[in-house]
2 protein chains.
Amino acid sequence: MKSSIRPEPSRKRQGASSASGRARARVTLETLARRLDLAPATVSRALNGQGARYRIAPGTVRRVLELARKLGYRPNPLARALRTHTSHSIGLVVPDIGNPFFAEIASSVADAARKNGYVLLLGDSQDSTDLERDTLGTMAERNVDGLVVCPVGLESKHICTLARSGRPLVLADRGVAPNQLPCVTADHAQGGRLAAQLLARLGHRRVGIIQGLPGTLPNEERRQAFESAWKQLVGQPVAVAGHAFSYESGVEAAEDLLRRFPDLTAWFVLCNVSARGAVEVLRRHGRNIPRDVSLIVFDDQPFSELLEPSWTVIQQPVRDIGRRAAERLFDLLRNRAKPTPTWERLSVRLVLRESVAPPGQSRIIEPTSLGTVRGSKAHASRGTV
Amino acid sequence: MKSSIRPEPSRKRQGASSASGRARARVTLETLARRLDLAPATVSRALNGQGARYRIAPGTVRRVLELARKLGYRPNPLARALRTHTSHSIGLVVPDIGNPFFAEIASSVADAARKNGYVLLLGDSQDSTDLERDTLGTMAERNVDGLVVCPVGLESKHICTLARSGRPLVLADRGVAPNQLPCVTADHAQGGRLAAQLLARLGHRRVGIIQGLPGTLPNEERRQAFESAWKQLVGQPVAVAGHAFSYESGVEAAEDLLRRFPDLTAWFVLCNVSARGAVEVLRRHGRNIPRDVSLIVFDDQPFSELLEPSWTVIQQPVRDIGRRAAERLFDLLRNRAKPTPTWERLSVRLVLRESVAPPGQSRIIEPTSLGTVRGSKAHASRGTV
DNA sequence: CTGAAAGCGCTAACAA
DNA sequence: TTGTTAGCGCTTTCAG
């Protein structure tokens with residue numbers, strides 16, 4: 001039998017409750033337990049669907065559930081986390097949440113988190129490895145159950161350490177050197193090849209690359225794939241400029257190319273933020289796109305097709321990258337399976353628009369067929385990229 | 001005197017430690033306490049800079065600090081939160097993190113959080129009041145110390161309730177009806193007036209508005225200010241179409257205006273995401289901007305000036321909005337002052353570019369002087385809006 | 001100047 | 001079928 005009077009817990013020390021005025025006292029497990037004349041443990045089990053396992057009387061379970069609903073009981077996630085070492089939270093760290101690409105990743109990860117009943121901690125590393133290290137540390141000590149990381153990508157020791165400590169972690173977009181970590185990213189090399197093939201087929205011979213942050217995986221794969229394809233197709237070297245995934249870098253790189261290699265007939269720009277800078281420079285110098293310089297830009301964005309000329313781009317499945325990364329993280333969280341360090345490569349598409357043409361010409365005469373997509377509606381709702 | 005042997009805490013039940021292989025055991029307060037032969041309480045006080053208040057021997061404090069550093073001790077924020085009811089976390093809820101406007105808000109709030117030693121919980125309400133309510137509830141029960149909310153803006157009861165429960169909360173961008181909550185937002189009415197003045201001065205008479213989500217504060221303020229200025233300046237009614245801050249709404253509204261009011265010579269578009277849709281529709285219908293339709297768009301974005309024609313926009317100080325909202329939140333968190341429900345209005349600017357001209361003309365002949373900014377470099381680094 | 005002990009709200013091991 | 005107890009890691013009375 002159960003005792004029929006439960007002592008009020010001693011409130012001698014902690015002078016809480018109505019003093020601080022914080023609304024009416026929080027409903028806790030103990031509130032329920034006392035009102036139902038049950039032990040907190042029983043209530044806990046009933047609430048957690050452990051009724052069957054512990055063979056709690058169905059009636060009891062029902063009473064518990066009922067009162068819980070009536071009082072609007074919500075378990076305290078912090079207490080639970082402290083006890084169980086699982087916080088039902090995940091972390092997302094990106095190099096720049098203001099960048100539409102990562103904002104879109106965040107959007108899909110946030111969506112997945114919510115659907116799985118997790119909260120999302122957001123960290124912005126501002127493309128600094130030091131900040132990234134700090135942020136990851138903070139999140140780890142906050143007991144996030146897992147992480148999606150779009151790393152800065154220049155150093156990876158802190159990330160590997162974190163992953164080896166047993167915390168599920170999935171990389172997105174930029175991978176890191178020793179491919180021991182699960183990662184979801186675009187097929188950057190494919191993008192590089194598509195760009196090279198298109199320009200080669202249009203008859204370009206002297207071309208340049210405006211790159212992003214050297215040393216990062218997307219940058220290297222895009223550049224190298226383009227260069228090696230170009231070497232094979234055209235047998236010419238490729239000029240390279242640029243130093244960051246930024247507007248400023250785009251401006252400087254464009255000035256640089258115009259000065260050092262004024263005879264280039266096409267540029268492959270590895271980042272659409274930089275591309276903005278590059279295009280402005282071309283305008284200032286009175287160079288016509290595509291007549292003087294053809295342009296292929298990595299990564300699409302909603303305005304690409306509205307620009308004059310519209311941009312030919314390599315389109316990444318941004319939303320899918322985020323979604324898949326989150327899915328894989330939640331798989332890990334559910335199965336506690338050992339993280340297969342598989343790299344998932346999502347296909348890119350070449351979207352052909354007006355910014356490319358044969359050298360010296362203002363438009364493509366006959367549509368090439370390179371498995372490309374004739375540019376049009378690729379973007380729609382809610383300003384997302 | 002202190003006892004010189006401290007008993008190992010009983011590890012009978014919790015089979016933790018090395019079994020699960022989770023790296024080496026976490027160093028806790030007790031680890032330190034035992035190795036220093038002190039009570040956990042003393043260590044806690046030393047670590048929390050309470051040494052002075054409790055007059056702990058300076059030597060002791062030093063020893064504690066030293067060992068803590070040596071062992072890389074990091075307090076467990078969850079345990080602390082459970083005990084102190086402050087989590088050192090804040091929440092940010094936005095209607096759409098994929099929208100560059102809110103991504104930029106998120107960027108500045110994330111930055112502020114980090115600088116203040118807080119972590120940031122991110123919630124995306126997807127412009128749904130229900131989701132917003134859920135998200136806010138989740139965050140509240142996670143004990144966030146405070147919130148920055150960019151509400152959907154159609155209903156506010158849940159937000160007011162939350163705020164009245166004593167949790168510091170600052171609104172950003174969209175306010176909510178009973179102006180009892182602190183809020184940081186742009187001066188939307190000023191933007192509406194500037195737009196009206198410009199179009200009036202250029203000689204337009206029949207104009208229309210493509211609005212965003214009706215009933216939300218920015219939408220109503222922009223629209224009403226425009227309409228009332230227009231009435232005063234021109235004495236004509238203003239056509240209105242549109243139903244959301246989305247691309248699709250922009251498309252539909254534009255089709256709608258063209259069909260119902262084909263004689264309009266200028267459109268004021270209250271959302272730059274919708275504007276993209278509107279511009280595409282104009283193109284499809286072969287209407288020239290600005291000759292057939294002049295265009296003013298609310299909210300700038302990096303590509304506005306690269307478009308052909310470049311967009312005349314009302315520019316909001318997005319980053320400042322986020323920064324100020326966060327600052328005000330942290331003021332509240334520090335001072336525990338009662339939240340002054342002041343509404344902070346940040347000025348907007350009219351940036352004059354090529355998408356406006358006198359009716360039937362293709363460009364502005366003589367620059368007007370309306371306190372406007374002649375369009376140019378307003379955007380730069382890292383693809384942020 | 002320091003320690004013992006209580007307890008934040010919950011869950012898990014063990015006991016009955 | 002349920003209760004008792006211990007304890008997650010920390011802070012905070014209260015008692016020296």
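All chains are named by letter (A, B, ...) in the order of the sequence lines, taking the proteins before the strands, and each is independently numbered beginning at 1. Since we're looking at a predicted model, the values are computed, not measured.
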Counterpart residues, side chain to side chain donor-acceptor pair (under 3.5 Å), relative to A:T84 (two or more places apart): A:T86

Side chain to side chain donor-acceptor pair (under 3.5 Å) involving B:N116 - partner list, sequence neighbours excluded: B:R334

With B:R174 via side chain to side chain donor-acceptor pair (under 3.5 Å) - residues at least two apart: B:D127

Any N/O donor-acceptor pair, A:R45 side-chain to D:dG3 base, under 3.5 Å: yes

Closest nucleotide among C:dG9, D:dT4, D:dT11 to the A:A39 side chain: D:dT4

Side-chain N,O (B:R80) to OP1/OP2 (D:dT11) below 4.0 Å: yes

Salt-bridge criterion met for A:R34 and A:E30 (N-O under 4.0 Å): yes

Short side-chain N/O contact from A:T60 to OP1 or OP2 of D:dT2, under 4.0 Å: yes

Selection residues 141-173 of chain A - residue pairs positive for ring-ring contact (aromatic ring centres under 6.0 Å, His included), sequence neighbours left out: none

DNA chain C: 5'-proximal contact among B:A57 and B:A79 (nearest heavy atom): B:A57

DNA chain D: 5'-proximal contact among A:A41 and B:P75 (nearest heavy atom): A:A41

N/O (side chain, B:T42) to phosphate O (OP1/OP2, C:dG3) under 4.0 Å: yes

Distance test, side-chain N/O of B:T84 to OP1/OP2 of D:dT11, below 4.0 Å: no

Any B:N48 side-chain nitrogen or oxygen under 4.0 Å from OP1 or OP2 of D:dT11: yes

Below 4.0 Å: OP1/OP2 of C:dT11 and any side-chain N or O of A:S44: yes

Bend angle of the helix from C:dC1-D:dG16 to C:dA16-D:dT1, end axes from five pairs each (to 10°): 50°

Partners passing side chain to side chain donor-acceptor pair (under 3.5 Å) against B:H88 (at least two apart in sequence or in another chain): none

Closest to side chain of B:I56, choosing from C:dT2, D:dA6, C:dG7: C:dT2

